Protein chains: 2
Amino acid sequence: MGRITRKESHAQTRERLVETAHRLFLRDGYNATSLDKVAAEAGFSKGAVYSNFATKHELGLAVLDVLHLERAMSLASAVVGAETAEDRIDAFEKWADENIGDVGWTALEVEFATSNRHVAGINQALAGRRRELTAAIADLIEQQAADLDLTLPLPADDAAVQLLALGIGLGVQRAFDPELPVTSLVDLLRSFLERAQPTTRSD
Amino acid sequence: MGRITRKESHAQTRERLVETAHRLFLRDGYNATSLDKVAAEAGFSKGAVYSNFATKHELGLAVLDVLHLERAMSLASAVVGAETAEDRIDAFEKWADENIGDVGWTALEVEFATSNRHVAGINQALAGRRRELTAAIADLIEQQAADLDLTLPLPADDAAVQLLALGIGLGVQRAFDPELPVTSLVDLLRSFLERAQPTTRSD
DNA sequence: GTCTATAAATCGATAGAC
DNA sequence: GTCTATCGATTTATAGAC
C-alpha cells in the first residue's frame, strides 16, 4: 500500500515534465524549446516524454492548463480581503502590474495559439479554454458587483471579454516593449465602476 | 532611360517577394511558411530571397510594414465621408467587422512578435512599429474629436492604447474562435463618446 | 542578380533493447 | 515505463556557376 505504484510513478514523471516544460516555454518560448531540452532538463530522455504525451501539442496544452490555474488563483487571492470598491481596484492594479506582461505567460499562450492556429484539433481545444476563462472572469465580476450592490453598465460577459482582450493585447505588446504601462486595464475597470448604478435590494 | 535598370529590376523582385510572402504568411502562418515556398510561389528561387533580404526576419518585418499600411489606409478611408458621430461609429463598426480577425493579420503580427520575442534586434523593431501605430491612432482620434467639437474623457494616447490592445486581443482570440464577436470594440468607442464633453470654441 | 546544389543543423517522432 | 539510437523530413543559410 505504502509503496509507489507504477501509476503513481507515471504521474510523477508527467508532473515533472509539465513543470519543466512550463519553465522552459516561459523562458525561451514554445517553438524555440525542443522536447529534447525539456526531457534533459527534467532528468529524463525524450522517450519518457512520448510515453506521457502523444505529441508536443499535448504537452503545450497541459502547460496552458497550469498557466490558467495559476492566473485564476493569483487573481482570486489578490481580490479577497478588500472591502471598498477602491480597495479592490487597488488590489487589481497591483495584480495587473505584477502579472501582465512581466512574467510572459501572455506571450507564451499567444505564441502557442497563433503558431498552431492551422493545426487540426488545436483550435477547438483553445476555443474551449477561452470560453472557460471568460466565464470564470464573468463570474468574478458578477460576484464583485453583487458584493458591492452595483449594477454594471453592461453585461458581465461583455465586461469579461473586454477585460480579457485588453489584458491579452497589453501582455502581447509588453512582451517586446516593456515600457508600455498596464494602467489602461485599471482605467477600463474604473470606467465600469463610474458608469455603474447602485442596486436597491429587498432585504 | 526607358529601359529597366538593374536597380528597378531588383526593386521589382523585392516587391514581388514581399507580396507573395504577405499572402502565404497570412494563409499558413509565419513559422509554417518556408522561404523555399515563398520563392517558388513568386517564381524565383531561394537565392533571389537572400539577395533581397539578409534573413527571414527581415522579410517578415517588410510584410508587417505592408500590413500596417493596409490597415491605416482602410481605416482612414472607412471613416471619411461620415458626418455625425453616430455615422462614424457605424463606419468604424463596419470596418472592425470586416478587418478584425477575419483576415488574420492580427494573428500573423502576433505570431511573428511572440515567436521572435527573444531574438536579438527584433524587439526594438517591433517596439518602434508599435509606437508609430499607436501615435497614428491617437492622431486619428484627436482629429475626429476636434472635428466633432468633443473633449474626450481621457488623453488620445491612452484611448489609442486601449483601442489597439483591445483590437489585438480580439483578433488573437478570433483567430482560433471566430464566434467571438467584435462588438466590444465598438462598445469601448461608444463609451468614450458617452463620457465626452462638448468643446466650446472661440470662432 | 539569380539559380543550382549543398551544407549544416535541428527537430519531431519511432523502434527496439532493457 | 524509460532509454538509446536513429530515421526522415525540413529548415535556414551559404558557395559557386552563369
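So you know, we letter chains A, B, ... as the sequences are listed, proteins then strands, and number each from 1. Because the structure is predicted, anything quoted here is derived from the model rather than measured.
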**Request:** Could you name each residue pair satisfying ring pair (Phe, Tyr, Trp, His ring centres under 6.0 Å) that touches residues 42-79 of chain A, not counting sequence neighbours?
**Result:** none
**Item:** Sequence neighbours excluded, every pair satisfying ring pair (Phe, Tyr, Trp, His ring centres under 6.0 Å) that has a member inside residues 112-145 of chain B
**Value:** B:Y30-B:F112
**Request:** Please tell me if the side chains of A:L150 and A:Q197 come closer than 4.5 Å, counting only heavy atoms from C-beta onward.
**Result:** no
**Asked** Going by heavy atoms in the side chains, are B:F92 and B:L75 under 4.5 Å from each other?
**Response** yes
Between [N] ([atom2]) and [X] ([atom1]): distance, integer Å:
X      : N      : atom1 : atom2 : answer
A:R14  : D:dT2  : CZ    : C1'   : 16 Å
B:L35  : C:dT2  : CG    : P     : 15 Å
B:D36  : D:dA9  : CG    : P     : 16 Å
A:N31  : D:dT12 : CG    : P     : 13 Å
A:F44  : D:dT4  : CZ    : P     : 13 Å
A:N116 : C:dG12 : CG    : C1'   : 13 Å

**Message:** Which residues in residues 49-64 of chain A have a heavy atom closer than 4.0 Å to any atom of DNA chain D?
**Reply:** A:S51, A:N52
**Item:** N-O pairing of A:E111 and B:R117 below 4.0 Å
**Value:** yes
**Item:** Note: B:R190-B:E194 ion pair, threshold 4.0 Å (strictly below)
**Value:** no
**Request:** Taking atom types as modelled, find out whether B:N31 and B:S115 have a side-chain donor-acceptor pair closer than 3.5 angstrom.
**Result:** yes
**Of the listed nucleotides C:dC11, D:dC3, D:dT2, the one nearest the side chain of A:H10** = D:dT2
**Item:** Minimum-distance nucleotide (side-chain atoms of A:S34 versus C:dC3, C:dG12, D:dT2)
**Value:** C:dG12
**Message:** If the cut-off is 4.0 Å, is B:T13 near the phosphate of C:dT2, judged by side-chain N/O to OP1 or OP2?
**Reply:** yes
**Request:** Quick one: which residue pairs count as a salt bridge (charged side-chain N to carboxylate O under 4.0 Å, His left out) with a foot in residues 9-28 of chain B, not counting sequence neighbours?
**Result:** B:R23-B:E41
What protein N or O atoms touch nucleotides 5-7 of chain D N or O atoms at under 3.5 angstrom, if any, and at what distances?
none

**Message:** Going by ring-ring contact (aromatic ring centres under 6.0 Å, His included), name the residues that satisfy it together with B:F176, two or more places apart in sequence or in a different chain.
**Reply:** none
